[in-house]
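Both backbone and side-chain heavy atoms feed into the values below; hydrogens, waters and symmetry mates do not.
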Amino acid sequence: MIKAALYCRLSEEDRDKRHITDDSASIQNQKAMLRSYAAEQGWEVFDIYSDDDYAGSDRSRPEFCRLLRDAEQRRFQVVLCKTQSRFTRELELVEKYLHDLFPRWGIRFVGIVDNADTDSRGNKKTRQINGLVNEWYLEDMSENIRSVLTSRRKSGFHIGSFALYGYRKDPDHKGRLLIDEEAAAVVREVFTLFAGGCGKTAIARTLNDRGIPNPTEYKRLHGLRYQQPKGRNSTLWKYPAISAMLTNELYTGTLVQGKYGSVSYKTRQNRPRPRDQWYRVEGTHEAIIDPILWEEVQALVRERARPFAGGSVGLFAGKVRCAGCGYVLRSSVSHGRRYLQCPTHHVAKDACPGAFLSVEKLEKLVLGELERLTAEYLDQEALSKRLTACGAARLKTLPARLEACEKQVEEHGAAVAALYLDQARGSLSQEDFLAAKQALLQEKSRLEAQAERIRRQLAEQDAPDVRELLERSLHPDHLTREMVLCFVDRITVGKRQPGAPLPPVVIHWRF
């Protein structure tokens with residue numbers, strides 16, 4: 001008896017399913033039609049292959065691929081579909097399978113509604129015309145969809161499947177984003193830590209130590225249908241996630257879309273698009289990061305300041321250049337003291353005269369120049385405003401950081417209480433109970449100390465001593481990374497001449 005493989009496909013979004021694993025009514029109707037036709041022809045149904053919610057141009061359809069594997073093994077003699085377009089809408093695949101491979105494998109293709117039948121020689125031109133029409137349909141549909149999406153992007157509507165970490169989709173207004181406060185608190189902390197001198201890897205380590213799920217895991221925990229990457233550490237924060245977050249303009253309330261475009265309507269492969277082809281609309285949603293903090297972080301990113309092994313960023317990272325070759329001086333450590341040296345001279349002595357200076361001496365030199373300029377030129381009132389602007393971004397994040405800390409303290413307290421219950425029920429051994437309890441209490445204690453530090457900062461913010469702040473700024477006893485970023489544009493260091501105490505140093509200020 002002839003064996004027939006029945007193939008069904010539906011590309012439209014299913015609205016008549018009771019459960020995601022159920023077949024839609026249209027698929028069920030296709031199956032019933034194919035079964036009935038096979039029975040009329042006296043064919044035995046070998047198997048039913050069903051791809052629900054897949055496009056006809058998608059070559060990776062799971063059941064479609066399984067059908068082709070079974071066909072190659074000659075497990076049946078007929079492929080039966082409702083129409084030729086159910087099998088594929090690509091003319092290339094029509095020629096490859098219906099007119100080449102299927103005949104070689106001894107397989108007949110039949111489309112019921114459009115009378116496609118590879119056993120009929122006079123039917124070949126009709127199949128080719130159908131294939132060409134289906135190809136045009138795919139192209140037209142692709143252009144129509146693209147034009148609609150382009151219009152929505154230009155109008156400032158978010159069209160992604162998922163909202164960026166820190167936001168959620170507005171259930172009442174399609175294409176609008178709302179702040180997700182739980183995730184937004186983490187975003188603010190990442191920006192604040194980076195602006196304060198923390199490296200990206202150190203920030204990732206801090207978040208992982210506190211057990212904060214990364215954006216992918218966060219989506220999964222909140223029930224979003226997001227495909228989790230495979231891997232043992234897929235729930236951890238890593239350098240690329242922090243780096244991408246720090247440069248994503250969406251956090252400022254500006255929607256940037258269209259960074260990638262499809263290569264062709266026949267494939268899902270994407271490629272980067274030129275920046276001038278992006279769709280950028282300002283003020284489409286509420287900002288998580290204020291403009292001052294954003295600009296401060298972008299300046300740091302542009303300088304590419306690399307952190308030390310411990311995660312902190314050097315005092316003059318990215319700010320000091322060699323007067324000979326113009327390259328940023330590289331940091332090194334010798335006998336417990338940190339030095340800055342020319343990377344070009346270090347690898348090729350004849351390529352550049354070189355520059356070498358200890359960080360300690362450069363700090364004293366910058367402090368001395370800052371004191372001199374302050375005494376001669378600086379307007380204290382203007383300085384007060386500048387210092388306020390430099391610290392505004394950090395101060396604004398304190399309430400959200402405190403709220404996040406207090407919430408985590410409560411969660412750890414509840415977890416400790418749950419441990420006692422588990423031990424009382426006998427589901428947790430004494431050894432495991434003590435180990436888990438100690439870890440939770442240690443983390444809870446650390447979070448409480450962090451919350452207390454933030455409360456003190458908030459209290460100082462409520463009644464700031466401007467005179468004391470100005471005094472510390474006008475006559476500091478040491479430099480901080482924030483001071484260097486605020487006041488220094490760049491520093492050039494030349495080669496020290498024999499007998500000179502210091503090499504030539506030129507400081508270029510930001511004022």
Are the side chains of [Y] and [X] in contact, using a 4.5 Å heavy-atom criterion?
X: L340; Y: R330; answer: no
X: S60; Y: Y54; answer: no
X: P291; Y: T252; answer: no
X: F316; Y: V493; answer: no
X: D170; Y: L177; answer: no
X: D51; Y: C8; answer: no
X: R321; Y: Y327; answer: no
X: R176; Y: H285; answer: no

To the closest 0.5 Å, what do you measure between [atom1] ([X]) and [atom2] ([Y])?
X: S85; Y: R9; atom1: OG; atom2: CZ; value: 6.0 Å
X: H508; Y: D489; atom1: NE2; atom2: CG; value: 8.0 Å
X: I289; Y: E296; atom1: CD1; atom2: CD; value: 11.5 Å
X: L207; Y: I242; atom1: CG; atom2: CD1; value: 5.5 Å
X: N214; Y: K238; atom1: CG; atom2: NZ; value: 8.5 Å
X: M245; Y: L164; atom1: CE; atom2: CG; value: 7.5 Å

Donor + acceptor pair across side chains of Y165, D180 (<3.5 Å): no

Polar side chain donor-acceptor pair, R338 to S358, under 3.5 angstrom: no

Closest contact, heavy atoms only, [X] versus [Y]:
X: W237; Y: I212; answer: NE1-O, 3.0 Å
X: E363; Y: L479; answer: OE2-N, 2.9 Å
X: I203; Y: V190; answer: CD1-O, 3.7 Å
X: L178; Y: P171; answer: CD1-CD, 4.5 Å
X: R61; Y: R86; answer: NH1-O, 3.6 Å
X: G166; Y: V187; answer: CA-CG2, 4.3 Å

CA sep, side-chain torsions, deciding dist, call: I288, R188, side chain to side chain contact (heavy atoms under 4.5 Å, CB included): CA-CA 7 Å; I288 293 177; R188 295 186 188 100; 3.7 Å; yes

Derivation of the side chain to side chain contact (heavy atoms under 4.5 Å, CB included) call for K319 and R490: CA-CA 5 Å; K319 290 288 186 179; R490 67 188 186 279; 5.7 Å; no

N-O pairing of K407 and E403 below 4.0 Å: no

Residues R455, E406: salt bridge by 4.0 Å N-O rule: yes

Salt bridge (Lys or Arg N to Asp or Glu O under 4.0 Å) evaluation trace for R59 with E90: CA-CA 10 Å; R59 300 188 181 192; E90 291 191 63; 2.9 Å; yes

Ring geometry between Y251 and Y167 (parallel below 30°, tilted from 30 to 60°, perpendicular above 60°): parallel

More than 12 heavy atoms from other groups under 6.0 Å of CD on E286: no

From CA spacing to verdict: side chain to side chain contact (heavy atoms under 4.5 Å, CB included), I507, V366: CA-CA 8 Å; I507 304 172; V366 173; 3.9 Å; yes

Aromatic centroids of Y339 and F356 separated by under 6.0 Å: yes

